[in-house]
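A note on names: the letters A, B, ... follow the listed sequences, proteins ahead of strands, and every chain is numbered from 1. Because only heavy atoms are used, hydrogens play no part in the values below, and waters and symmetry mates are left out as well, while side chains stay in.
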Amino acid sequence: MNPSNNNIETQDDIGTTGHEWDGITELNYPCPRWWVWIFLGTIVWAVGYWYIYPAWPVISGDSERGGTKGVMEWTQYKQLEESQSEIFSRRAENLEKLQNTSTKDVMDMPELYEFAVVGGKSAFKENCAQCHGSGGGGAKGYPNLNDDDWLWGGSLKELSKTIKYGIRSDHKNTRNSVMPPLAAVMGKDSVTKVSRYVAGLSKGSSSTAEGAKEYKQMCSACHGVNGEGNRIFGAPKLSDGIWLYGKGDEQQIESQIKSPQHGVMPAWIDRLGEDTIKQLVVYVYSLGGGE
Amino acid sequence: MLITLGIYYLAPWIRWDRGINAPDQAILFDIPNSRAYFFFIEIWPQEVYYITGILIIAAIGLFFVTSLFGRAWCGYICPQTVWTDLFVWVERILQGDRHQRLKLDKSKFSFNKFWRLLATHLVWIIISVLTGGAWVFYFNDAPTLMLQLINQDVPWSVTGWVVALTGSTYLLAGFGREQVCNYMCPYARFQSAMFDEESLIICYDELRGEPRSARKKDSSWEGRGHCIDCKICVHVCPAGIDIRDGLQMECIACGMCIDACNNVMDKLKLPRGLVRYDTELNHKLRKENKQEAVHIFRKRTILYVSVLFITISTMLYGLINRSPIELHVLHDRNPIFVELSDSRIRNGYDIKILNKTHQDKNYKLTISGIDDLDIKIAVAGNIMGNKWFNSLPVFADSIGHFRVFLTAQKQNNARQQLIFNVEDVYTKIKENSDSIFISSLE
């Protein structure tokens, strides 16, 4: 085939761009009109955009971020502030209501209660979960806050006091008590006997069993005559299956008598403030152990 | 065209009484409250499967109609066609028929041309605004919104939709027209898959028409076909094809060419139907001089009908047995169980009771699976005892949340099956949900 026959150029009056590669030339069709219009439109759009929004990086002394500002003076910071202030103002409404309502009344107001529980839950995850577990389930040395076994009390008032001032914390109103190291006074023999007795308590051993007498003497002032515990001293109940340290076997009890362990819970009032603590109290109460 | 337009504009105004606590609009998509109403049907968001069902029915129905009658949807019901026809009608009234329009287009700018074009576009825009306006009525209470519109006191979302739909109607029906079918519509592309030899399509009867030629008055029909090559069928075609070349993808089966050709045949005193609805099979049979045949029952149509039947009956069954109550029980995950001081085990649950009726209700909760179960329920911050369970209140058309604590002795099964049951105190209608009681970790 003769290549010149394939040359449309000869049949058409469009002409070529004049570019040539190895004998191949390019026809000079105009761009489609709609395309040209859209192209021009984008240019107009861009100019409008520069006018309204920040666009060009110009060095200017007065602006901390530099650049042209646009007539609307739009910045991402402003947008963030706006959307945040919307959230804050919505929350503030509920917070104000919460401030003016006693914790006890909150419990009767479904909406405010819901607000407090949700707020308390997120504050708990942030501040308390590392010790008490994310659902308040506790761990060795850190009490479970879901159960009905309280060291210091599960009423709204007691919870509030515990959370505000802490336990053995450095706050001046802190709850405080110490289990003294009694092994030296008691002697080795009687430590073993008392340990066996206490370990038996949660399994229902009678108060006349061996070690009962020593227990009454040395321990009942704090832990109660039948091991029921005493919240004034934050002394745990010894007659149930819930243990702060270990599983309540003889060995563990013996070690607690010889060298008592003490949990420390920080005071939160200075760090979190009244409002958040109110929400935390409601939340901890809602877990199911509230009294 | 009038029927479909009528349905579109009037449907939102139909009222349907649902009692005091619910809207009385027959067809309403209530987005803020996430409810959809369709006459006696009311759909909550978690029941979208009804929508899926409706879509399946619509799709299969479309396939079915297509396999029987070809592109009947495209030609008669598709909104694109209906609105295009409406716009063309406006054009015809204001600018005359095709010849006159072509002349007008070519003519120099004049007052006559100016007002005709202006009027056409104005009427188009008005129709578009009304179209967009009618759309928003499906999503709001129509009379209320009408008042708001009159008082120019409408939410921006409404304005936005009206503007967007006005624009799209104006562009698609005024300028897009058959391009929409050719380049935008996916259905036009894949519907050829639904065709078979026996689907009704628009056919030019070439046995009768050919050889075509222009004809002088009173000359004889001897040795020539009935087609006088007047090209009217080509001119009226909204898709811009020549039907005499056979079925083409662009054809939307609107039948304009049939009407046009029949008119011509009437004038010539020849039988109608040179261009007509027919099947490809008939065409072939006729060529071979065989008897024409129409089969409505074919493998394909039977399949479509049975799928339709199954979907519709499943939907109906679902709707008729749609429970006015729904119960969801969620077991706590953290902690999954709590050991109490008296060595019993406590589990926590979040329960939701969905009251789908329009009356405030009280429900009785019973839980079976464990004897000696201690049930407590938290209402706001207060823990209530067993008695409370006889009448849990849930407002009309809403969801009741409750927190439930179950306490029992440690079970032999680490995961003991439980059945939660709620019963409407008055109607005695019940609803169940399974859950578990976990008492140890293994």
Practice task
Determine, stepwise, if the pair B/Y349 / B/F402 fulfils ring pair (Phe, Tyr, Trp, His ring centres under 6.0 Å).
Solution key: CA-CA 8 Å; B/Y349 305 82; B/F402 302 95; over 10 Å; no
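The part of A/N144 that comes within reach of chain B is its side chain, from C-beta onward, which places non-hydrogen atoms under 4.5 angstrom from that chain. For chain B, the nearby parts of A/S134 are the backbone and the side chain; heavy atoms of each come within less than 4.5 Å. For chain A, the nearby part of B/R403 is the side chain; its heavy atoms alone come within less than 4.5 Å. For a residue to count as touching a neighbouring chain, one of its non-hydrogen atoms must lie under 4.5 Å from one of that chain's; by this rule A/L287 touches chain B with the backbone only.
Looking only at heavy-atom pairs under 4.5 Å with chain B, the residue among A/D147, A/V106, A/D149 that has the most is A/D147. For the options A/L112, A/I242, A/D148, A/V117, heavy-atom pairs under 4.5 Å to chain B are most numerous at A/D148. In terms of heavy-atom pairs under 4.5 angstrom with chain A, the leader among B/R346, B/E339, B/H401, B/R333 is B/R346.
Shortest non-hydrogen contact noted between B/F175 and B/W124 is CZ-CZ3, 4.3 Å. Of all heavy-atom pairs between A/D275 and A/L98, the closest is O-CD2, 4.2 Å.
Salt bridge absent: B/K364 and B/E423 never bring a charged side-chain N and a carboxylate O closer than 4.0 Å.
The aromatic ring centroids of A/W35 and A/F39 lie less than 6.0 Å from each other.
A donor-acceptor pair shorter than 3.5 Å can be found between the side chains of B/S341 and A/D240.
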